[in-house]
2 protein chains.
Amino acid sequence: MEASEIYKCIADPQRLRILNLLDGGSLCVCHLQTIIDIPQVKASKQLAIMKQIGLLEAHRQGTWMVYSLAQPVHGLLRVNLDYLLQADCSECNQLQRDLVARKQLIQQITQDSPDCPTAVCAPQPCC
Amino acid sequence: MEASEIYKCIADPQRLRILNLLDGGSLCVCHLQTIIDIPQVKASKQLAIMKQIGLLEAHRQGTWMVYSLAQPVHGLLRVNLDYLLQADCSECNQLQRDLVARKQLIQQITQDSPDCPTAVCAPQPCC
DNA sequence: CTATAATATACCTATTTTAGTATATACTGT
DNA sequence: ACAGTATATACTAAAATAGGTATATTATAG
């Protein structure tokens with residue numbers, strides 16, 4: 001994986017937000033859509049781009065596609081996510097807010113259906 | 001300066017090479033041209049882009065324009081240059097080779113005209 | 001004032017990226 | 001087999017980026 005490919009990914013704020021969110025754990029497309037507030041097509045395309053270059057992995061769970069960061073996380077991505085989360089800039093703050101939103105969304109999901117706790121994207125009741 | 005602006009800069013291999021070279025100290029356009037082997041227009045444009053967003057500074061010295069990294073170097077850029085120099089990938093190796101080429105070029109310049117040692121772009125004999 | 005060197009800008013074209021709409025696919029429940 | 005949900009892909013128009021040629025600018029040397 002070329003460094004410039006990774007940079008092109010994180011140069012797009014939406015893609016960066018997705019990567020940051022997935023760094024906290026797998027999420028399905030609909031959750032990403034919800035948190036970032038983008039149309040379905042856009043989310044799907046961005047995910048496809050990053051999966052293509054090997055930054056993301058996906059597996060199907062029922063009708064959901066669950067995306068996650070390809071492991072081990074590429075060092076270059078690691079370094080940048082870590083940096084941005086401790087820095088102070090508008091985009092960085094957004095990343096932090098996203099993690100909060102992520103936590104809230106998951107709490108809400110697990111409350112609504114206590115039977116799908118760890119796997120955010122367990123079948124059915126979650127979305 | 002937005003993070004995404006910086007990423008867009010370093011997502012371009014040529015711009016990344018320029019930033020890496022300048023991290024070693026100021027250089028004038030012609031030296032960058034020589035080391036990276038790009039046409040004058042291209043060099044000038046790339047430099048203009050990065051100066052525009054505040055990543056680079058420039059001052060004139062005779063007919064030369066001497067470019068340098070804006071100080072203090074932005075943390076995000078710092079982190080990435082440091083990472084890439086110690087990593088092992090095709091683009092990273094290129095950055096290392098560039099630093100060698102830089103050193104050689106400067107040696108050659110200072111040999112040809114021992115009167116312009118520290119300032120790589122001292123007037124006249126250097127280019 | 002003229003010629004020349006180094007660099008910047010204008011302008012045009014080709015290419016790539018983005019964004020949106022519509023449609024297709026994959027799976028689930030009935 | 002049918003309807004519905006989640007996601008992906010095709011297609012198209014618009015916007016941004018890159019690359020090249022020609023020309024302009026700035027400064028120096030004679």
Side-chain angles (χ1 to χ4, degrees), chain A residues 2 4-5 7-18 22 26-53 56-68 105 109 113 116 119-127, chain B residues 2 4-5 7-18 22 26-53 56-68 105 109 113 116 119-127:
Chain A
E2 294 291 326
S4 57
E5 287 179 322
Y7 286 135
K8 267 176 205 158
C9 277
I10 58 183
D12 179 296
Q14 278 181 0
R15 286 193 290 260
L16 177 60
R17 291 177 69 187
I18 291 175
L22 292 180
S26 308
L27 286 174
C28 69
V29 183
C30 61
H31 292 142
L32 289 167
Q33 261 179 255
T34 306
I35 298 178
I36 304 187
D37 188 33
I38 44 175
Q40 182 264 320
V41 201
K42 196 70 199 299
S44 191
K45 277 185 193 170
Q46 299 286 38
L47 290 164
I49 291 171
M50 296 191 281
K51 187 182 167 203
Q52 163 89 44
I53 71 167
L56 298 187
E57 283 168 353
H59 70 269
R60 180 173 283 281
Q61 199 160 352
T63 52
W64 291 268
M65 287 297 293
V66 180
Y67 281 86
S68 43
L105 180 63
I109 291 169
S113 52
C116 66
V120 180
C121 282
Q124 284 308 59
C126 287
C127 275
Chain B
E2 294 291 328
S4 57
E5 288 179 321
Y7 286 133
K8 267 177 205 158
C9 277
I10 59 184
D12 179 296
Q14 279 181 359
R15 287 195 289 262
L16 177 60
R17 290 177 69 186
I18 292 176
L22 293 180
S26 309
L27 286 174
C28 69
V29 182
C30 60
H31 292 143
L32 289 167
Q33 261 178 255
T34 306
I35 299 176
I36 304 187
D37 189 34
I38 42 174
Q40 182 266 319
V41 202
K42 195 73 200 298
S44 192
K45 276 183 190 169
Q46 299 285 37
L47 290 164
I49 290 171
M50 295 191 280
K51 189 183 163 202
Q52 164 91 43
I53 71 167
L56 298 186
E57 282 168 354
H59 70 270
R60 182 173 280 280
Q61 200 161 349
T63 52
W64 290 270
M65 287 298 292
V66 181
Y67 281 85
S68 43
L105 180 63
I109 291 169
S113 52
C116 67
V120 181
C121 282
Q124 286 308 57
C126 287
C127 278

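Chain letters run A, B, ... following the sequence lines, proteins first and then strands; every chain starts at 1.
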Nucleotide nearest [X] when distance is taken to its side chain, options [options]:
{"X": "Lys8(B)", "options": "dA10(D), dT17(D), dG20(D)", "result": "dT17(D)"}
{"X": "Trp64(B)", "options": "dT7(C), dT21(D), dA18(D)", "result": "dT7(C)"}
{"X": "Pro39(A)", "options": "dT7(C), dT9(C), dG20(C)", "result": "dG20(C)"}
{"X": "Thr63(B)", "options": "dT7(D), dA27(D), dA22(C)", "result": "dA27(D)"}
{"X": "Cys28(A)", "options": "dG20(C), dT7(D), dA6(C)", "result": "dT7(D)"}

Whole-Å gap separating [atom2] ([N]) and [atom1] ([X]):
{"X": "Lys45(A)", "N": "dT16(C)", "atom1": "NZ", "atom2": "P", "result": "17 Å"}
{"X": "Gln46(B)", "N": "dG20(D)", "atom1": "CD", "atom2": "C1'", "result": "14 Å"}
{"X": "Asp12(A)", "N": "dA16(D)", "atom1": "CG", "atom2": "C1'", "result": "13 Å"}
{"X": "Gln14(B)", "N": "dT17(D)", "atom1": "CD", "atom2": "P", "result": "16 Å"}
{"X": "Leu47(B)", "N": "dT9(C)", "atom1": "CG", "atom2": "C1'", "result": "14 Å"}
{"X": "Met50(B)", "N": "dA8(C)", "atom1": "CE", "atom2": "C1'", "result": "15 Å"}
{"X": "Ile49(A)", "N": "dT16(C)", "atom1": "CD1", "atom2": "P", "result": "15 Å"}
{"X": "Ile38(B)", "N": "dG19(D)", "atom1": "CD1", "atom2": "P", "result": "10 Å"}

Less than 4.0 angstrom between a side-chain N/O of [X] and OP1 or OP2 of [N], yes or no?
{"X": "Ser44(A)", "N": "dA8(D)", "value": "yes"}
{"X": "Tyr67(B)", "N": "dA8(C)", "value": "yes"}
{"X": "Arg15(A)", "N": "dT18(C)", "value": "yes"}

* **Most 5' of Ala48(B) and Arg60(A) on DNA chain C, judged by nearest nucleotide** =>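 With Ala48(B) and Arg60(A) compared, the 5'-side residue is Ala48(B).
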* Sugar-phosphate, base or nothing in reach of Lys42(A), heavy atoms under 4.0 Å ->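 It contacts sugar-phosphate atoms only.
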* Asked: Out of curiosity, Ser26(A) OG to His31(A) NE2, how far, rounded to the nearest 0.5 Å?
  ->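 That separation rounds to 12.0 Å.
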* To do: Working to the nearest 0.5 Å, report the span between OG of Ser68(B) and NE2 of His59(B).
  =>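 One finds 7.0 Å between OG of Ser68(B) and NE2 of His59(B).
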* Between Gln14(B) and Ile36(B), what is the shortest heavy-atom contact and its length? ->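 Here Gln14(B) and Ile36(B) meet closest at O-CD1, 4.2 Å.
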* Asked: Is any side-chain N or O of Gln40(B) under 3.5 Å from a base N or O of dA8(C), one able to act as donor and the other as acceptor?
  ->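 Side chain to base: pair found, below 3.5 Å.
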* Asked: Does the side chain of Cys9(B) come within less than 4.5 Å of Ile53(B)'s, by heavy atoms?
  ->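 A side-chain contact under 4.5 Å exists here.
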* To do: Step by step, work out the side chain to side chain contact (heavy atoms under 4.5 Å, CB included) result for Gln46(A) and Leu32(A).
  => CA-CA 11 Å; Gln46(A) 299 286 38; Leu32(A) 289 167; over 6 Å; no
